[in-house]
Amino acid sequence: MELEMQKVWEEEDTYRFNPDSDRPLFSIDTPPPYASGKWHIAAAIHYSQIDMIARTQRMRGYEVYFPFGVDRNGLPVEVETEKRYEIKMFEYPREEFLRLCREFLDEAEQDILSIVKRLGISADTKNYFQTDSEKWRAVTQATFIDAWNKGYIYEDYRPNIYCPRCRTTLADAEVEYKELPTRLVYLKFKVEGSEEEVVVATTRPELLPACKAVIYNPDDERYKWLRGKRVVTPLGDAIPVMEHPYADPEFGTGLVMICSYGDKMDVQLFRELGLEPKIVVNEDGALNENAGEYAGLTIQEARERIIRDLERKGFVERIETIMHRTPVCWRCKTPLEIVPMREYYLKQVDLIHELEEYLDVVRFYPEWASNYWRDWLKSVSSDWPISRRRYYATEIPVWYCKSCGKPVLPPPGKYYQPWKEDPPYDKCPHCGSTAGFEGEKRVFDTWMDSSISPLVYNGFGWDDEFFSKLGSSDLRPQGKDIVRTWLHYTFLRVHQVLGKPAFKHVWISGMGLDAKGRAMHKSLGNIIYPWPLFEKYGADAVRFFGAAEAHHGSDFRISERKIEGAYKFLQKLWNVARFISQFEEPKGMPELEPSDLWILGELNKSIRRALSGYERFDFFDPANEVRIFIWDVFAPHYIELVKGRAYGDCVDEGKSAAARWTLHYVLRAVLRLAAPVIPHITDYIWRSIYGGTVHRELFPEVREEWDTEYLELGRKVMEFNSLVWKTKKERGMRMKDPIEMKIPEDLKPFEEDLRKLHNIK
RNA sequence: GGGCCGGUGGUCUAGCGGCUAUGACGCCGCCCUUACGAGGCGGAGGUCGGGGGUUCGAGUCCCCCCCGGCCCA
């Protein structure tokens with residue numbers, strides 16, 4: 001049934017976006033999933049929730065632009081490709097390596113697209129975007145050229161976080177921390193001009209050649225006497241002893257050696273203390289000539305060697321093994337180094353204040369999720385290094401004049417590959433030389449591409465007319481884990497390009513966890529794949545679970561039990577619809593009976609709750625409200641109550657019509673209310689009973705004239721029903737058996753329906 | 001170490017100072033038969049994360065701590 005619906009939607013293009021519609025436009029900045037590896041169920045649910053947003057907006061009267069894109073740039077695919085073919089990127093021809101990456105991406109992409117389609121996601125997957133397409137990359141480069149012209153780009157030589165394995169610099173956001181066992185080596189330093197010794201503990205003995213100072217905490221009385229003195233390292237260098245609060249008296253001996261560079265703190269201390277760095281680690285992760293006899297060794301080798309040497313010479317007091325919080329590469333988990341390199345930077349520090357103002361105008365769902373971004377803005381302290389020494393990414397569109405060496409940029413609008421192409425000019429604008437140009441070999445950080453998604457999707461740089469209608473996207477839906485990267489960078493970049501907030505609405509979701517509450521990771525082996533669940537329960541059941549399981553914004557645990565429960569609810573809905581479909585729907589509204597007014601009042605209540613949930617893009621209330629209404633109220637009480645009347649058993653035609661009319665009215669309302677969450681079954685029913693598609697309908701409205709006193713009485717009817725059923729059971733009677741019962745005075749209006757239902761004499 | 005969010009029976013959830021703490025899913029009995037492999041009736045299951053305090057009275061307000069998730073240092 002679901003597959004059948006999906007085919008119909010595709011054939012009739014149900015969700016086609018018409019930019020010239022007279023409805024207000026609403027555009028969604030769909031997260032482009034990364035095309036590597038297989039999707040787990042949490043990702044599938046995330047995208048179906050985003051789909052619910054799109055469907056909600058359609059039913060609220062918007063013309064919704066819901067594009068789809070696939071992220072194909074960057075490290076992960078390079079790593080996967082290296083693994084699959086057992087090759088090393090830098091030892092492989094660049095062109096050829098790119099081809100292998102593309103092959104891998106095409107496969108992964110198809111896997112994702114098939115899941116997206118199976119979920120019934122109403123995005124435009126026919127014309128999907130790819131972040132590595134010429135179209136997208138040309139826009140990335142155009143916005144870079146724009147930023148360059150506006151003075152946001154600069155190149156600087158400074159310490160960078162560097163992954164020796166991936167041979168690239170990393171942004172702060174790409175650094176992870178891992179507790180790793182490390183040896184803490186206690187080294188003896190001599191105090192200059194005396195025979196006294198002090199002991200310094202370090203996890204990085206191989207950086208001893210780069211050691212430029214030793215610090216202690218100003219509150220640490222043990223070392224006050226060292227103030228102003230110098231100490232001699234085991235390698236014979238005399239270096240100053242300084243006070244700095246960074247030194248933790250509890251760690252090691254309380255003395256810390258400062259080297260260029262062991263970690264980010266070293267970088268800061270070198271600056272603060274005015275020390276001259278001595279660089280000993282090269283870009284390939286090996287020590288250089290500054291390391292003296294250790295030159296040419298890798299960091300690991302140098303560490304072993306220096307420990308051995310120093311032990312032999314008696315400089316090692318002792319060695320402890322500790323758990324140390326080590327910065328590692330987010331992708332390959334290799335411990336990171338700090339290496340000074342020349343890199344391009346995009347300014348952001350100067351703009352933080354302007355971005356903070358957006359916190360007041362952009363609406364976050366849930367409201368408190370804005371804290372994620374607010375906190376990050378507070379802690380941004382350096383500009384964004386945007387160049388990378390990798391292959392599979394957008395090239396930096398710069399050539400350098402072979403004569404004067406100055407950078408020259410091409411005009412925006414085209415996709416450039418400077419490492420293999422000639423520039424679109426032959427004379428240097430700086431020196432006039434025609435000596436030719438050297439193409440830039442570096443590429444961009446992939447967030448440079450993804451951070452302009454709301455521009456690319458909406459036509460910026462490739463369809464001006466389209467873009468003029470849409471502007472930047474209206475809503476960004478995404479997970480909370482990438483606020484400081486994707487969300488932050490998008491606001492930054494769009495601000496630089498347009499001078500406006502990228503979005504009006506930002507929707508932040510929690511994470512789907514496994515049954516024990518852990519995130520799904522390959523390494524944990526706890527990944528739940530979606531296909532078996534689709535086959536057993538269908539996409540709607542999975543979607544319903546995704547909506548009804550937890551409030552928006554909080555993490556939720558995946559439970560097959562609950563998905564099964566959702567499936568049962570869908571069955572119930574199906575049968576309710578089947579029952580109602582046997583009755584003809586009366587044309588005009590007949591005069592309604594108390595029972596009818598009661599259920600319509602209940603319906604009002606449910607519509608109110610559901611719509612207020614939809615307004616917040618929170619599907620918890622809508623899903624649960626519909627379920628409770630159908631399952632606990634409408635089916636067991638109202639339908640039972642009016643069954644006889646609907647069939648027309650010994651009642652007049654008007655009363656029968658009232659029941660039939662109400663049944664259909666409620667069904668129509670409920671189907672529309674549930675359509676964003678469970679699009680397949682609702683449309684299937686809608687089409688077979690009423691014709692047309694439910695997905696082009698609007699949400700049902702509250703009709704206040706139905707907020708009557710029967711609403712309250714109806715609750716009593718439900719209690720009375722229970723009482724009758726219980727009494728019959730106690731007396732060992734069958735449900736159909738006639739019974740003598742007194743109907744409470746206040747339920748008189750319902751008397752006729754009640755008598756029929758319970759066969760009351 | 002800091003920030004944010006959260007912590008109510010196995011799971012999700014109502015509750016926003018006041019009766020013996022909701023409801024759902026799941027579980028266990030019994031019953032029934034239908035628009036429905038569904039339903040009806042009953043049942044087991046909770047120190048409301050812990051400890052203090054405010055109050056006549058606290059999941060509900062305040063403080064401290066613990067745990068989980070995410071992020072940062």
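Quick note on labels: first sequence line is chain A, next is B, and so on, each numbered from 1. None of these values were measured; they are calculated from a predicted model.
- Within 4.0 Å of A/Arg627, counting heavy atoms only, lie sugar-phosphate atoms of the nucleic acid but no base atom.
- When heavy atoms are screened at a 4.0 angstrom cut-off, A/Ala577 is found touching no nucleic acid atom at all.
- Distance from the side chain of A/Asp555 is smallest to B/G69 among B/C12, B/A35, B/G69.
- Summarising the base pairing, B/G1 is matched to B/C72 through a Watson-Crick or G-U wobble pair whose two defining distances lie under 3.5 Å.
- Here B/C70 is the nucleotide among B/U11, B/C70, B/C5 with the atom lying nearest to any side-chain atom of A/Lys480.
- Note: A/Tyr365 and A/His505 meet the aromatic proximity criterion, with ring centroids under 6.0 Å apart.
- In this structure, the nucleotide among B/A24, B/A35, B/G40 sitting nearest to the side chain of A/Pro636 is B/G40.
- Nucleotides B/G29 and B/U22, compared at atom P, are 25 Å apart to the nearest Å.
- At the heavy-atom level, A/Ile639 lies under 4.0 Å from base atoms of the strands shown.
- Nucleotide B/C41 forms a pair with B/G29, judged by Watson-Crick or G-U wobble geometry with both contacts under 3.5 Å.
- Taking 4.0 angstrom as the limit, A/Trp631 places a side-chain polar atom (N or O) nearer than this to OP1 or OP2 of B/G39.
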Could you list the protein-to-nucleotides 28-32 of chain B atom pairs, N/O on both sides, closer than 3.5 Å?
from  : atom 1 : to       : atom 2 : distance (Å)
B/C30 : O2     : A/Lys729 : NZ     : 2.8

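- Separation of the P atoms belonging to B/C61 and B/C16 is 11 Å when rounded to the nearest angstrom.
- Note on A/Lys643: a side-chain N or O is less than 4.0 Å away from OP1 or OP2 of B/A35.
- Across all strands shown, A/Phe556 has no heavy atoms under 4.0 Å from either base or sugar-phosphate atoms.
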Discussion item. Apply side chain to side chain contact (heavy atoms under 4.5 Å, CB included) to residues A/Ile689 and A/Leu667 and explain how you reach the verdict.
Written reply: CA-CA 10 Å; A/Ile689 302 181; A/Leu667 181 62; 3.8 Å; yes
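- Judged by Watson-Crick or G-U wobble contacts below 3.5 Å, the nucleotide B/C16 has no partner.
- Among the protein residues, A/Glu549 comes within range of the sugar-phosphate backbone only, with heavy atoms under 4.0 Å from sugar or phosphate atoms but none that close to a base.
- Using a 4.0 Å cut-off between charged side-chain N and carboxylate O, A/Arg645 and A/Glu593 make no salt bridge.
- Heavy atoms of A/Lys568 sit under 4.0 angstrom from primed sugar atoms or phosphate atoms, though from no base atom.
- When both distances must be under 3.5 Å, the Watson-Crick or G-U wobble mate of B/U22 does not exist.
- Taking the side chain of A/Asp632 as heavy atoms from C-beta on, and the options B/C5, B/A24, B/C12, the nearest nucleotide is B/A24.
- Contacts of A/Glu640 with the nucleic acid, taken as non-hydrogen atoms under 4.0 Å apart, include base atoms.
- Comparing B/U60 with B/G50, their P atoms sit 10 Å apart, to the nearest whole Å.
- Syn is the classification of B/G59, since its glycosidic angle stays within 90° of 0.
- As judged by a 4.0 angstrom heavy-atom cut-off over every strand, A/Val576 is placed among the base-contacting residues.
- Remark: the separation of the P atoms in B/A24 and B/C4 is 37 Å, to the nearest Å.
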